[in-house]
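Here the structure is a predicted model, which is why all the values come from computation and not from measurement. Residue numbers begin at 1 in each chain, while the letters A, B, ... track the order of the sequences.
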There are 2 protein chains.
Amino acid sequence: MSVDTQQVRMAQALREAGYRLTQPRLAVLQVLQENEAGLNPEEIHQLGKTLCPSLGLVTVYRTLDLLAELGLARRLHSEHQCHSYASARTDRHYLICERCHRVIEFPCHGLDELLESVRQHTGYTINEHLLELRGLCPDCQENQAVQRNA
Amino acid sequence: MSVDTQQVRMAQALREAGYRLTQPRLAVLQVLQENEAGLNPEEIHQLGKTLCPSLGLVTVYRTLDLLAELGLARRLHSEHQCHSYASARTDRHYLICERCHRVIEFPCHGLDELLESVRQHTGYTINEHLLELRGLCPDCQENQAVQRNA
DNA sequence: TCCTTGTTGAAAGAACTTTTCAATAAACTA
DNA sequence: TAGTTTATTGAAAAGTTCTTTCAACAAGGA
């Protein structure tokens with residue numbers, strides 16, 4: 001998909017959701033498009049200023065939120081940083097309840113073939129991985145059911 | 001493994017690495033042990049003060065770093081927050097180069113059975129997932145080889 | 001072109017993390 | 001066990017990162 005096509009897609013998405021298409025928003029979008037992934041807000045701001053000199057960092061934050069809302073951008077990591085006690089393993093498997101935010105670790109088998117296939121397709125070596133699942137824990141599923149019936 | 005066993009393990013790890021075993025460090029460790037996963041530094045601080053009243057937040061941060069260095073604790077999410085341009089999918093698969101920090105997305109098949117097995121073992125429903133792989137991209141592998149030969 | 005109102009950028013504020021430094025306490029020595 | 005050394009601590013200050021506030025601006029409809 002070309003840059004222009006993407007911009008048209010974004011223009012539509014914005015209008016449909018009742019937002020305006022502005023120069024700062026186009027600049028942020030274009031920076032994201034041209035850099036695939038892995039930019040932080042400050043980097044996006046610096047690159048974006050070459051496209052829209054008046055662009056402010058605040059607008060970058062706001063636009064990233066907006067694009068996320070529209071499903072056009074996505075935060076790479078979860079917003080709340082946590083610490084967990086863990087063994088010396090480098091591989092991490094977390095299961096997070098979206099309602100009560102409880103976090104458990106789970107044993108994970110059967111990922112090896114997947115990793116090998118990724119390695120072959122991309123040429124990357126893979127040293128460690130993080131698999132983070134989000135859903136509802138049994139308690140919250142039950143509470144939700146109770147609430148629906150009430 | 002019991003709490004006491006863990007403390008002995010930590011005492012050894014600290015001494016072997018040339019660090020001292022202190023009350024604040026024991027308190028942080030014990031809080032992490034008793035709470036499995038998902039605490040932020042401030043929460044650890046509050047809980048830790050019941051075990052070591054003088055415990056300061058700064059020491060919590062320092063101890064978490066130390067425990068991470070010793071392989072006894074682990075940060076749940078990566079420290080640098082990034083944004084990536086993405087489609088509307090809720091499932092995310094990132095491959096991050098640990099050297100040049102390039103991030104690419106990759107197609108991911110074959111995770112479904114794994115998720116189903118996790119669901120059965122834990123009782124959680126799973127709405128979305130994040131699979132983050134870390135390794136070296138082909139370019140950096142090559143550069144590393146060149147450097148070794150130089 | 002005018003008007004309405006969503007959007008912007010700067011400054012201030014909030015939240016989170018790190019650095020600095022004098023006081024403290026762990027661990028070694030005698 | 002008491003004395004000594006030095007890593008460690010907690011408080012305050014500084015540094016980062018992100019959010020809120022608000023007057024000025026510009027997008028898009030009339």
Side-chain angles (χ1 to χ4, degrees), chain A residues 7-8 10-31 38-70 72-83 101, chain B residues 7-8 10-31 38-70 72-83 101:
Chain A
Q7 287 188 358
V8 169
M10 157 143 150
Q12 284 178 348
L14 283 171
R15 289 215 187 84
E16 278 167 20
Y19 297 111
R20 291 180 183 170
L21 181 63
T22 65
Q23 292 307 312
R25 283 173 180 168
L26 273 175
V28 170
L29 180 79
Q30 192 172 336
V31 168
L39 295 175
N40 63 34
E42 181 53 40
E43 289 166 336
I44 294 170
H45 180 214
Q46 290 307 321
L47 292 170
K49 280 206 284 192
T50 64
L51 301 169
C52 174
S54 73
L55 182 67
L57 181 57
V58 188
T59 298
V60 172
Y61 279 105
R62 281 190 286 230
T63 304
L64 289 171
D65 285 348
L66 179 62
L67 291 175
E69 185 188 320
L70 297 175
L72 294 169
R74 184 173 289 288
R75 217 165 192 162
L76 218 69
H77 305 293
S78 295
E79 45 274 59
H80 298 297
Q81 182 187 81
C82 300
H83 284 83
H101 303 105
Chain B
Q7 287 187 359
V8 169
M10 157 142 150
Q12 284 177 347
L14 282 172
R15 289 214 185 83
E16 278 168 20
Y19 297 110
R20 292 179 183 172
L21 181 63
T22 65
Q23 293 307 312
R25 285 175 179 168
L26 274 174
V28 171
L29 181 80
Q30 192 171 335
V31 169
L39 295 175
N40 63 36
E42 180 53 40
E43 289 166 336
I44 294 170
H45 181 215
Q46 291 307 320
L47 292 169
K49 280 205 284 192
T50 64
L51 301 169
C52 175
S54 72
L55 182 66
L57 181 57
V58 187
T59 298
V60 172
Y61 279 104
R62 281 190 286 229
T63 304
L64 289 170
D65 284 348
L66 179 62
L67 291 175
E69 184 188 321
L70 296 174
L72 294 168
R74 185 173 288 290
R75 216 164 193 165
L76 218 68
H77 304 293
S78 295
E79 46 274 60
H80 298 296
Q81 179 189 83
C82 299
H83 285 81
H101 303 105

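Distance, A/Glu42 CD to D/dT16 C1': 11 Å, rounded to whole Å. C/dA27 atom P lies 9 Å from atom CG of B/Leu14, rounded to whole Å. D/dG10 atom P lies 10 Å from atom NZ of B/Lys49, rounded to whole Å. In this structure, the OH atom of B/Tyr19 is 7 Å from the P atom of D/dT8, given to the nearest Å. Rounded to whole angstrom, the span from the NE2 atom of A/His45 across to the C1' atom of D/dT17 amounts to 14 Å. Remark: P of D/dT9 and CG of B/Leu51 are 15 Å apart, rounded to the nearest angstrom. One interatomic measurement links the two molecules: CG of A/Leu26 to P of D/dA26, which rounds to 15 Å at whole-angstrom precision. Distance CZ (B/Arg15) to C1' (D/dT8): 15 Å, rounded to an integer number of Å.
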*Verdict with reasoning, A/Leu66 to A/Leu14, per side chain to side chain contact (heavy atoms under 4.5 Å, CB included)*: CA-CA 9 Å; A/Leu66 179 62; A/Leu14 283 171; 3.8 Å; yes
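Between B/Leu57 and A/Val60, the residue anchored closer to the 5' end of DNA chain C is A/Val60, taking for each the nucleotide with the nearest heavy atom. For the pair B/Leu66 and A/Gln23, nearest-nucleotide mapping onto DNA chain D gives the more 5' position to B/Leu66.
Proximity of a side-chain donor or acceptor of B/Glu16 to a complementary backbone N or O of B/Ala13 within less than 3.5 Å is not detected. The closest donor-acceptor contact from the side chain of B/Glu43 to the backbone of B/Asn40 lies under 3.5 Å.
Ranking C/dT4, D/dT9, C/dT8 by closeness to the B/Thr22 side chain, first place goes to D/dT9. When distances are taken from the side chain of A/Ser54 to each of C/dG9, D/dT8, C/dA26, the shortest belongs to C/dG9. Side-chain atoms of B/Arg25 lie closest to D/dT8 of the nucleotides C/dG9, D/dG28, D/dT8. When the nucleotides D/dG10, C/dA11, C/dT17 are ranked by their closest atom to the side chain of A/Val58, C/dA11 comes out on top. In the set C/dT7, C/dC16, C/dA27, the nucleotide with an atom closest to the side chain of B/Tyr61 is C/dC16.
At a threshold of 4.0 angstrom between heavy atoms, the contacts of B/Arg62 include nucleobase atoms, whether or not backbone atoms are also involved. Residue B/Leu55 is classed as a sugar-phosphate contact, given heavy-atom separations below 4.0 Å to backbone atoms only.
Contact between A/Arg20 and A/Arg25 at its shortest, heavy atoms only, is O-NH1, 2.7 Å.
A distance of 11.5 Å separates CD of B/Glu69 from OG1 of B/Thr63, quoted to the nearest 0.5 Å.
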